[in-house]
Every structure is written in structure tokens, then in C-alpha cells.
Amino acid sequence: MTGLELPALAAVAVGACAQAATGMGFSLVAAPALVALLGPQRGVPTVLLLAVLASVLPLSRGWRHARPRDAGRLLVPALLGMPVVAWLVRGVDTRVLAVATGCAVLAGVALLGRGVRWPLLRRPAGAWCAGLASAGLNVVGGVGGPPIGLYAANAGWPGQESRATLHAFFLVQNVATTTAVLGFVLPSWPAVAALVCGAVAGMALAPRLSTGAARTGVLAVSGAGALALIATAVG
């Protein structure tokens with residue numbers, strides 16, 4: 001294990017903890033470090049596969065609280081838009097993808113951090129906008145969380161239902177996106193172990209941790225990671 005891998009493993013553990021505690025955050029935290037380390041072509045599939053596990057573990061305990069109908073409203077546009085986006089980004093310069101991924105994360109961090117509330121997101125069209133935007137970000141950089149987080153913030157779901165519904169959405173989306181992204185990469189065992197440790201910690205913290213405090217930590221780490229990703233790509 002090289003020194004460069006240690007920050008990436010830490011990001012995987014922190015991301016898994018945030019995902020288990022709040023329902024989102026794994027890709028926002030882990031994607032910048034993994035894509036910077038592995039490059040977009042290998043890093044994005046790795047993020048997606050780890051994100052599947054990051055949703056499966058907490059959902060195995062809280063699946064009864066999920067809202068299938070609400071998750072389905074978001075999944076339909078996300079899954080329909082995914083193959084189109086995957087086709088459009090084929091052959092694009094990896095440096096462009098890296099910068100686009102970093103900018104997408106920064107934009108998501110800014111919007112979520114400001115607590116944006118949009119009336120549009122309370123309408124059926126809002127679910128389509130959020131799902132399509134999430135599909136684009138997920139294919140480009142494995143960071144489809146910000147649009148879904150904005151939608152969930154407007155929905156007013158109770159804590160347990162919000163976490164379980166987000167886990168269900170990201171699980172299905174990431175499984176589907178993995179099949180559409182070329183360059184399948186099996187995550188390393190250290191990465192899987194770091195994820196499991198983080199998820200276990202997050203599941204233990206979920207009943208006690210303030211959602212606002214967890215979200216603030218996720219956004220701070222995500223912003224720093226996105227800036228590092230952009231700097232690596234343009235450096």
C-alpha cells in the first residue's frame with residue numbers, strides 16, 4: 001500500500017459512515033479521492049461498486065422504512081437517462097471528465113450547504129429533473145447524490161424513512177450505472193474493509209447523530225476533495 005492510497009481508504013471509510021448515518025454522502029466523499037488516485041476511467045466504476053455496498057449494508061437493517069413509490073419516482077428518469085449520458089461521454093478526454101466531476105461536486109456542495117428549497121422539486125417534474133441530473137453526475141463521476149439530496153430536503157420525510165429511501169434509490173441506481181460504465185474494476189479488499197468499518201460506525205451513530213452535523217462534515221470533506229481532483233487534472 002502506497003502513501004497515496006491511505007487518504008483514499010480514509011475517504012471510503014468516512015463516506016460509508018456518512019452514507020449509513022444520513023442516507024447519502026458516500027460518493028460525495030469518496031469519489032474525489034478515488035478518481036484522483038485511479039483516474040476517471042478506473043475510479044468511477046470503483047466508486048459505483050463501493051457505493052452499492054455502502055447502500056446495501058444499512059438498507060439490510062432499515063429496508064422496512066423505505067418509501068418505494070417515492071424512490072420509484074426518482075429512479076424512472078434516472079435509469080432512462082443513464083444510457084444516454086453514458087453514450088454521450090464515451091471518448092471524452094479524461095482530464096475533462098475529472099474537471100467536470102470536481103465542478104459537479106462543488107456545485108452540489110454549494111447548493112446543499114445553502115439549504116436550497118425549490119417549489120419545482122415538490123412537483124412531479126421535480127422528480128424528473130432530480131433523477132435526470134443525478135444520472136448525469138453518476139455516469140460522469142459517480143456523484144449522483146446532490147440532486148437527490150435537494151429533492152429529499154424538500155420532501156420532508158422523517159429521518160428513518162429518508163435514510164432508507166435514499167439507500168434504496170442509490171442501490172438501484174448504482175447497480176444500473178455500473179452495467180453501463182465501461183472499464184469494470186473490482187475494488188481492492190482494503191477498500192472493501194474500510195467501507196465495512198465505516199458503514200458499521202455509521203449505523204451505530206445514526207440514531208444518535210444530528211443529521212445537520214453529519215451533513216456539514218460530508219460537505220466539508222467533499223469540497224476539499226473536489227478541489228484536489230480539479231487541481232490534479234489541470235496540474
Side-chain angles (χ1 to χ4, degrees), residues 11-12 15-20 22-31 34-35 38 40-90 97 101 104-105 108 127-128 130-149 151-152 161-189 191-196 198-199 202-203:
V12 168
C17 182
Q19 180 81 18
T22 69
M24 62 176 293
F26 176 78
S27 294
L28 280 173
V29 176
L34 290 174
V35 174
L38 302 174
Q41 290 184 344
R42 294 186 62 227
V44 172
T46 299
V47 170
L48 293 174
L49 287 170
L50 289 172
V52 170
L53 184 57
S55 295
V56 165
L57 292 176
L59 189 60
S60 66
R61 294 182 57 185
W63 63 271
R64 293 180 181 84
H65 300 289
R67 304 167 65 102
R69 182 174 297 181
D70 289 309
R73 288 194 183 101
L74 295 166
L75 281 168
V76 169
L79 297 181
L80 289 177
M82 178 187 58
V84 177
V85 176
W87 178 77
L88 290 174
V89 301
R90 290 168 61 183
L97 286 177
T101 300
V105 172
W128 276 85
L132 290 173
S134 179
L137 292 182
N138 215 38
V139 170
V140 170
V143 285
I148 304 304
Y151 183 89
E161 293 185 9
S162 178
R163 284 193 297 269
T165 303
L166 290 173
H167 290 318
F169 172 86
F170 290 124
L171 172 60
V172 176
Q173 184 194 48
N174 287 320
V175 168
T177 307
T178 299
T179 66
V181 176
L182 298 179
F184 179 89
V185 177
L186 187 66
S188 66
W189 283 112
V192 173
L195 185 145
V196 171
M203 287 187 285

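Taking each heavy atom of Trp128 and Pro77 in turn, the nearest pair found is CE3-CB, 3.2 Å. Nearest heavy-atom pair across Val47 and Ser27 is CG1-OG, 3.7 Å. Counting all heavy atoms, side chain and backbone alike, Ala152 lies closest to Leu166 at CB-CD2, 4.1 Å. Residue Met203 comes nearest to Ala20 through the heavy atom pair N-CB, 3.7 Å, listed as atom of the first residue, atom of the second, then distance. Scanning all heavy atoms of the two residues, the minimum distance from Ala135 to Gly81 falls at CB-C, 4.2 Å. Closest of all the heavy-atom pairs between Ala164 and Gly62 is CB-O, 3.3 Å.
Taking 4.5 Å as the limit, some side-chain heavy atom of Gln173 sits within range of a side-chain heavy atom of Leu75. A 4.5 Å side-chain heavy-atom check between Leu34 and Leu50 finds at least one atom pair inside the cut-off.
Rounded to the nearest 0.5 angstrom, Leu49 CG and Leu195 CG are separated by 11.0 Å.
Among pairs with a residue in residues 73-85, those fulfilling side-chain hydrogen bond (donor to acceptor under 3.5 Å, both in side chains) read Asp70-Arg73, at least two apart in sequence or across chains. Applying the salt bridge (Lys or Arg N to Asp or Glu O under 4.0 Å) test to pairs two or more places apart or on separate chains, none has a residue in residues 51-60.
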Donor-acceptor contacts under 3.5 Å from residues 52-61 side chains, at least two apart:
| from | atom 1 | to | atom 2 | distance (Å) |
| --- | --- | --- | --- | --- |
| Ser55 | OG | Ala51 | O | 3.4 |
| Ser60 | OG | Leu57 | O | 2.5 |

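With hydrogens and angles ignored, the 3.5 Å screen pairs a side-chain donor or acceptor of Thr165 with a backbone N or O of Arg67. Looking only at distances, no side-chain donor or acceptor of Ser134 sits under 3.5 Å from a matching main-chain atom of Ala130. The closest donor-acceptor contact from the side chain of Glu161 to the backbone of Ala66 lies at 3.5 Å or more, if one exists at all.
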| said: Pair Gln19, Phe170 - check side chain to side chain contact (heavy atoms under 4.5 Å, CB included), show working. | reply: CA-CA 10 Å; Gln19 180 81 18; Phe170 290 124; 3.8 Å; yes
| Taking it one step at a time, do Phe169 and Asn174 satisfy side chain to side chain contact (heavy atoms under 4.5 Å, CB included)? | CA-CA 8 Å; Phe169 172 86; Asn174 287 320; over 6 Å; no
| field | Pair Phe26-Val12, side chain to side chain contact (heavy atoms under 4.5 Å, CB included): steps then yes or no | value | CA-CA 7 Å; Phe26 176 78; Val12 168; 4.0 Å; yes
